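None of the values given here were measured: they were computed from a predicted structure.
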Amino acid sequence: MPQGNVDERTLLLIKPDGVLRGLCGRILSRLEDAGLALAGLKMIQVTREQAELHYQDDPDWVANLGRKTLRTYAKQGKDPREELGTTDELEIGKMIREWLVSYVTSGPTVACVLQGAHAVEVVRKMAGETMPNEAAPGTIRGDFSTVSAIAANAMRTAVKNLIHASSDPAEAKREIAAWFSETELCTYRPLSWGGIY
């Protein structure tokens, strides 16, 4: 398969809330309508081991979760210590990571590999902002969810944001290898107009 943004693959997970709400077909049809092809598709009950592989235990990644959360609290004018008991970004990140692992293992998940021109960027744009309450109408999260980080944190749970989409080609490659073997994937050839067959 050619590499780079001309024709690439990306991982999309439809998380348990998306599956349980019966949104899989609607989500996938939007992505196919945009010209992306399904190169891999399966429904699984995610194990804790798979979830911990996906949500890295890398201290920088975990601390970044905490930093994002602290920025959200500052933006809302709220004190994270009142709800989370700390302002330490690493401790908050560990909390959030545990909620993410619990969330993705709480029910069936649909894992997909999408292939096409600029697949990573296209899927990210169509997904919308990570926080559904900030996602624009017309995006998957903007149309099907309204939850915020503040509301989820108050309930001590991950943000139910329906889907995960790889953030860049390097992450997509790592994530696809974690969720699919090469024998589970189909290969398409790019067409001159940007589509694939």
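Put simply, CH2 on Trp99 and OG on Ser106 are 15.0 Å apart, with the number rounded to the nearest 0.5 Å. Atom CG of residue Asp88 and atom CE of residue Met95 lie 9.0 Å apart, to the nearest 0.5 angstrom. Expressed to the nearest 0.5 Å, how far CG of Asn153 lies from CD1 of Ile92 amounts to 8.5 Å. Taking CG of Leu36 as the reference point, atom CG of Leu31 lies at 6.0 Å (rounded to 0.5 Å). How far CE of Met43 is from OG1 of Thr109: 8.5 Å, rounded to the nearest 0.5 Å. Taken to the nearest 0.5 Å, the CG atom of Asp168 stands 9.5 Å off from the CZ atom of Arg174.
Contact record, Asp7 with Gln115: OD2-NE2, 3.1 Å, taken as the closest heavy-atom pair. Counting all heavy atoms, side chain and backbone alike, Tyr73 lies closest to Asp79 at CD2-C, 4.1 Å. In terms of heavy atoms, Cys112 sits closest to Leu38 at CB-CD2, 4.1 Å. Residues Leu20 and Pro108 come closest through the heavy atom pair CD2-CD, 4.4 Å. When all heavy atoms of Glu83 and Arg156 are compared, the pair lying nearest together is O-NH2, 2.9 Å. Between Leu65 and Gly93, the closest heavy-atom pair is CD1-O, 3.8 Å.
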Exercise. Lys125 and Thr139: side-chain contact (heavy atoms from CB on, under 4.5 Å), yes or no, with the steps?
Worked result: CA-CA 7 Å; Lys125 283 181 181 176; Thr139 64; over 6 Å; no
For this session: Apply the test salt bridge (charged side-chain N to carboxylate O under 4.0 Å, His left out) to residues Glu129 and Arg124: give CA-CA distance (whole Å), side-chain angles for both, the deciding distance (0.1 Å), then the verdict.
Result: CA-CA 8 Å; Glu129 292 293 326; Arg124 293 288 292 184; over 6 Å; no
For this session: Verify side-chain contact (heavy atoms from CB on, under 4.5 Å) between Leu114 and Glu32, making sure each step is shown before the conclusion.
Result: CA-CA 9 Å; Leu114 294 153; Glu32 287 181 310; 5.6 Å; no
For this session: Report the C-alpha separation of Lys15 and Ile163 in whole Å, then their side-chain angles, then the decisive distance to 0.1 Å, and conclude whether the side-chain contact (heavy atoms from CB on, under 4.5 Å) test is met.
Result: CA-CA 5 Å; Lys15 298 176 184 178; Ile163 57 177; 5.6 Å; no
For this session: Dump the intermediate steps for side-chain contact (heavy atoms from CB on, under 4.5 Å) on Lys78 and Thr72, then the final yes or no.
Result: CA-CA 9 Å; Lys78 293 188 167 268; Thr72 300; over 6 Å; no
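Of the possible polar contacts, none joining the Glu8 side chain to the Pro169 backbone as a donor-acceptor pair under 3.5 Å is found. Remark: the backbone N or O of Leu162 is paired with a side-chain donor or acceptor of Asp17 at under 3.5 angstrom. With hydrogens and angles disregarded, a donor-acceptor distance shorter than 3.5 Å links the side chain of Glu171 to the backbone of Ser167. In terms of modelled atom types and a separation under 3.5 Å, the side chain of Arg141 and the main chain of Gly128 share a donor-acceptor contact. Between the Asp143 side chain and the Gly138 main chain, a donor and an acceptor come within less than 3.5 Å of each other. Listed for the Asn161 side chain is no donor-acceptor partner under 3.5 Å among the backbone atoms of Met131.
Linking Ile, Leu, Val, Met, Phe, Trp and Tyr whenever their side-chain heavy atoms come within less than 4.5 Å puts Ile44 and Leu13 in one cluster. Under the 4.5 Å side-chain heavy-atom criterion for Ile, Leu, Val, Met, Phe, Trp and Tyr, Leu90 and Leu100 are members of the same hydrophobic cluster. Under a hydrophobic-cluster definition in which Ile, Leu, Val, Met, Phe, Trp and Tyr are linked whenever side-chain heavy atoms come within less than 4.5 Å, directly or via other members, Leu23 and Leu12 are assigned to the same cluster. By the criterion of side-chain heavy atoms lying less than 4.5 angstrom apart, applied directly or through intervening Ile, Leu, Val, Met, Phe, Trp or Tyr residues, Val113 is grouped together with Val104 in one hydrophobic cluster. Cluster annotation: Ile27 is connected to Leu41 through the hydrophobic network of ILVMFWY side chains, with a link wherever side-chain heavy atoms come within less than 4.5 Å.
By the 4.0 Å N-to-carboxylate-O rule, Lys94 lies too far from Glu98 to be salt-bridged with it. A salt bridge is absent between Asp58 and Arg97: the closest approach of a Lys/Arg side-chain nitrogen to an acidic carboxylate oxygen does not fall below 4.0 angstrom. Using a 4.0 Å cut-off between charged side-chain N and carboxylate O, Lys68 and Glu89 make no salt bridge.
Judged by a 6.0 Å distance limit and a 45° cone about the ring axis, Lys42 is positioned over the six-membered ring of Phe180.
In the displayed structure, Arg26 atom CZ is contacted under 6.0 Å by at most 12 heavy atoms of other residues, nucleotides or ligands.
A donor-acceptor contact under 3.5 angstrom links the side chains of Glu175 and Ser166, judged on distance only.
With Glu49 as reference, Thr47 is the one residue of Thr47, Val46, Leu53 to meet the side-chain contact (heavy atoms from CB on, under 4.5 Å) rule. For the ring-ring contact (aromatic ring centres under 6.0 Å, His included) criterion with His54, the lone passing option out of Trp179, Tyr103, Trp61 is Trp179.
Contact check for Thr86 versus Pro80: no side-chain heavy atoms found under the 4.5 Å cut-off. Side-chain contact between Thr10 and Val122 is absent, with no heavy atoms from C-beta onward closer than 4.5 Å. Taking the side chain as every heavy atom from C-beta outward, Asp57 and Glu52 never approach each other to under 4.5 Å.
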